[in-house]
Amino acid sequence: MGEAIQANQEEATAVPPLSEALARGIADLFPAGRDPDPDQRLEARLAESARQGRPLRVKLGIDPTGSDIHLGHSLLFRKLRAFQNAGHTAVLIIGDFTARIGDPTGKSSTRVQLDAAAVEANAATYLAQLGQGQPPERALLDFETPGRLEVRRNSEWLTGLDLPQVIELLGIGTVGQMLAKEDFANRYGSGTPISLHEFLYPLLQGYDSVAVQADLELGGTDQKFNVAMGRDMQRHFGQRPQFGLLLPILPGLDGVQKMSKSLGNTVGLIEDPLSMYSKLEKVPDAVVEDYLTLLTDLDTAALPEGPRQRQKAMALEVTATRHGREAAVQAQADAARLVAAGLSGAGQVSGDLSAESVPEASLAGLAFPLKAFYLLSALQVCASSSEGRRQIQGGGVKLDGEKLSDPNQEFSSPQELAGKVLQLGRKTFRRLVA
RNA sequence: GGGUCGGUGCCCGAGUGGUUAAUGGGGGCGGACUGUAAAUCCGCUGGCUCUGCCUACGUUGGUUCAAAUCCAACCCGGCCCA
């Protein structure tokens with residue numbers, strides 16, 4: 001008895017706090033009991049893991065519903081990587097089955113269901129963007145070190161469920177729980193339709209945790225309900241319930257709404273350095289600190305105080321984490337030159353810019369002579385030729401720093417344009433090549 | 001299944017037979033200003049290699065010289081009842 005108490009005390013004092021890499025930016029961690037109980041406190045579970053030499057299984061699910069991963073997703077992967085670096089096993093679940101239901105979280109309407117082929121294509125591009133096939137130093141996730149990554153698809157276990165099993169799952173949640181979930185509550189309250197199959201989504205995501213025997217699930221704060229559902233599921237199936245580690249939802253470039261492709265306020269993971277840097281260095285001041293915390297490892301206390309300097313430091317560092325420091329520094333310099341050229345109204349920026357930082361746009365395949373407004377849509381700088389026309393009329397289009405004024409201005413040959421830089425507004429640049 | 005109300009451009013939302021890509025707001029884009037920001041002001045915001053031509057108000061038909069606006073059927077949804 002006395003020994004047991006002593007052992008407990010030893011354990012209590014022996015549990016180290018979470019490392020900076022694991023703790024940084026966490027919005028919520030549950031359960032967070034006070035006792036040194038490895039089922040109630042993550043620090044204790046980590047200590048147990050170290051003692052037993054058994055890596056924790058850290059689950060992160062992604063639904064391959066789009067083709068691009070953006071910075072808003074990346075903070076979850078960064079945290080997952082931090083667990084990999086600490087020696088744990090990342091279990092990346094590709095929600096190929098659930099993607100076809102559509103996560104109702106954060107949605108104000110039923111999501112369109114995708115077909116299997118589209119989902120599979122998206123999954124492949126996701127893995128590529130996460131760094132599959134690249135060395136761990138350059139990749140977002142460590143794909144190479146043995147035991148550090150499992151990639152699973154939830155169709156593996158969800159496709160085979162039969163009706164009795166589905167009914168068992170449905171029995172674990174209640175209508176009250178579902179309607180208490182904010183998204184459903186809002187939709188129900190405002191008379192927006194909720195399809196019955198949408199109730200299945202949290203249950204299936206929870207069941208994923210059972211299938212992979214997760215110790216910990218990562219997610220955005222909007223995932224709390226679903227992650228908690230995983231705990232209920234695991235308990236029901238006789239497993240130790242997972243911990244939930246939630247990260248903030250990254251605000252988008254507008255600084256207000258969450259970063260989301262449909263809102264058009266994203267920075268893509270594979271975006272070129274110049275546009276990545278240019279977008280980041282003008283995010284609203286209010287979100288710069290969030291970006292620093294969630295997207296970099298910088299010691300924010302050591303940065304200069306001026307908001308503009310912090311903004312630049314953040315943009316540089318985030319760009320560097322994706323493209324390397326050299327490319328980021330180059331992008332920063334190019335961004336400054338472009339702005340200077342734009343402000344002075346002087347042309348001839350093209351020669352000063354490094355080739356790789358301004359995306360190229362090929363003139364090949366275009367029929368000359370062509371008119372200025374058509375050029376914009378043909379190069380996909382504008383969504384339509386009509387929009388191109390309007391942008392020129394609005395004074396937003398420059399060629400080598402010189403404002404175009406006539407949408408109907410004709411260019412007779414590719415040589416007339418090759419080597420020049422086409423600019424739309426302040427953010428969009430294209431180096432024209434023949 | 002019954003009753004009832006409704007489906008308008010990226011979103012919300014006017015418009016109820018007749019200049020019209022269709023009031024207004026939001027959002028977005030562009031311009032001025034600025035810190036490449038915010039705030040403010042101004043412009044644009046269906047498509048088309050465009051001085052003109054197309055396509056648009058859930059769908060399909062119909063009435064009419066003329067329809068987003070009238071009629072019919074159908075599809076989809078909210079609410080109430082079952």
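Chain naming here is simple, since letters A, B, ... match the order of the sequence lines and numbering starts at 1 in each.
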Might you list the N or O atoms of the protein lying below 3.5 Å from N or O atoms in nucleotides 4-8 of chain B, with each pair's distance?
none

Atom pairs, protein N/O to nucleotides 27-32 of chain B N/O, distance under 3.5 Å:
| residue | atom | partner | partner atom | Å |
| --- | --- | --- | --- | --- |
| B/rC29 | O2' | A/Gln391 | NE2 | 2.3 |
| B/rG30 | O4' | A/Gln391 | OE1 | 3.2 |
| B/rG30 | O2' | A/Gly394 | O | 3.1 |
| B/rG30 | O2' | A/Gly396 | N | 3.4 |

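In this structure, CD of A/Gln393 is placed 10 Å from C1' of B/rC50, rounded to the nearest angstrom. Look at CG on A/Asn408: it is 13 Å from C1' on B/rC48, rounded to the nearest Å. Rounding to whole angstrom units, CZ of residue A/Phe373 and C1' of B/rC44 are separated by 17 Å. Atom C1' of nucleotide B/rU49 and atom CD of A/Gln380 are separated by 16 Å, given to the nearest angstrom. Computed from coordinates, the A/Leu280 CG to B/rG35 C1' distance equals 16 Å when rounded to whole Å. Note: CD (A/Glu198) to P (B/rG77) measures 12 Å, nearest angstrom. Regarding A/Arg389, its CZ atom lies at a distance of 10 Å from the P atom of B/rU49, rounded to whole Å. The distance between atom NZ of A/Lys371 and atom P of B/rC48, rounded to the nearest whole Å, is 14 Å.
Of the residues near RNA chain B, A/Arg390 and A/Lys282, the one whose nearest nucleotide (by heavy atom distance) lies more toward the 5' end is A/Lys282. Where A/Tyr277 and A/Glu410 meet RNA chain B, the nucleotide closest to each residue was compared, and A/Tyr277 sits on the side nearer the 5' end.
Classification of A/Glu120 and A/Arg153 as a salt-bridged pair holds, one side-chain N sitting under 4.0 Å from a carboxylate O. Salt-bridge formation is detected for the pair A/Asp297/A/Arg78: a Lys NZ or Arg NE/NH1/NH2 atom is positioned less than 4.0 Å from an Asp or Glu carboxylate oxygen. For A/Arg231 and A/Glu217, the salt-bridge test fails: no basic side-chain N is under 4.0 Å from an acidic carboxylate O. Using a 4.0 Å cut-off between a side-chain N of Lys or Arg and a carboxylate O of Asp or Glu, A/Glu150 and A/Arg57 qualify as a salt bridge. Contact check on A/Glu198 versus A/Lys181 returns no salt bridge, with no Lys/Arg side-chain nitrogen under 4.0 Å from an Asp/Glu carboxylate oxygen.
For A/Ser385 and B/rC50, a side-chain-to-base donor-acceptor distance below 3.5 Å is present, hydrogens and geometry of angles not being considered.
Look at the P atom in both B/rG46 and B/rG25: the space between them is 15 Å, to the nearest Å. Between B/rC50 and B/rG58, the two C1' atoms lie 31 Å apart (nearest whole Å). For B/rC44 and B/rC10, the C1' atoms lie 15 Å apart once the distance is rounded to whole Å. Rounded to whole Å, the separation between the C1' atoms of B/rG9 and B/rC41 comes to 27 Å. Only the P atoms considered, B/rA39 is 15 Å distant from B/rG30, to the nearest whole Å. Separating the P atom of B/rC70 from that of B/rC57 is a span of 15 Å, rounded to the nearest Å. Between the C1' atoms of B/rA14 and B/rU69, the separation comes to 13 Å (whole Å). Spacing between B/rU60 and B/rG52 at atom C1', rounded to whole Å, works out to 31 Å.
Within residues 301-313 of chain A, the residues that place at least one heavy atom under 4.0 Å from RNA chain B are, in residue-number order, A/Arg308, A/Gln311, A/Lys312.
Side-chain atoms of A/Ala367 lie closest to B/rU49 of the nucleotides B/rA37, B/rU49, B/rC79.
Taking both residues in full, the closest heavy atoms of A/Asn226 and A/Pro202 are given as OD1-CB, 3.4 Å, listed atom of the first, atom of the second, then distance. Summarising the geometry of A/Ile249 relative to A/Gly220, their closest heavy-atom pair is CD1-CA, 3.9 Å, with the distance given to 0.1 Å. Nearest approach of A/Ser74 to A/Leu269, heavy atoms of both residues: CB-CD1, 3.8 Å. Listed here is the closest heavy atom pair of A/Lys224 and A/Leu246: CB-CD1, 3.6 Å.
For residues 126-143 of chain A, the set of pairs meeting the side chain to side chain donor-acceptor pair (under 3.5 Å) definition, not counting sequence neighbours, comprises A/Asp142-A/Thr145.
Looking only at atom types and distance, the side chain of A/Ser386 has no donor-acceptor partner in the side chain of A/Ser384 under 3.5 Å away. Remark: the A/Gln393 side chain and the A/Arg390 side chain contain no N/O donor-acceptor pair separated by less than 3.5 Å.
For B/rC48, the OP1/OP2 oxygens have a side-chain nitrogen or oxygen of A/Ser384 closer than 4.0 Å.
Partners of A/Phe237 according to the ring-ring contact (aromatic ring centres under 6.0 Å, His included) rule, which considers only residues two or more places apart in sequence or in another chain, are A/Tyr207.
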Item to check | Structure string for RNA chain B in dot-bracket form, Watson-Crick and G-U at under 3.5 Å, | interchain | outcome: ((((((((.[[[..)..(.....]]]((((((.......))))))(((...)))...[[[[[..)....]]]]]))))))).
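Just one of A/Leu375, A/Ile392, A/Leu376 meets the side chain to side chain contact (heavy atoms under 4.5 Å, CB included) condition when paired with A/Pro407; it is A/Ile392.
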Item to check | Verdict with reasoning, A/Leu253 to A/Lys282, per side-chain contact (heavy atoms from CB on, under 4.5 Å) | outcome: CA-CA 8 Å; A/Leu253 295 174; A/Lys282 47 170 136 311; over 6 Å; no
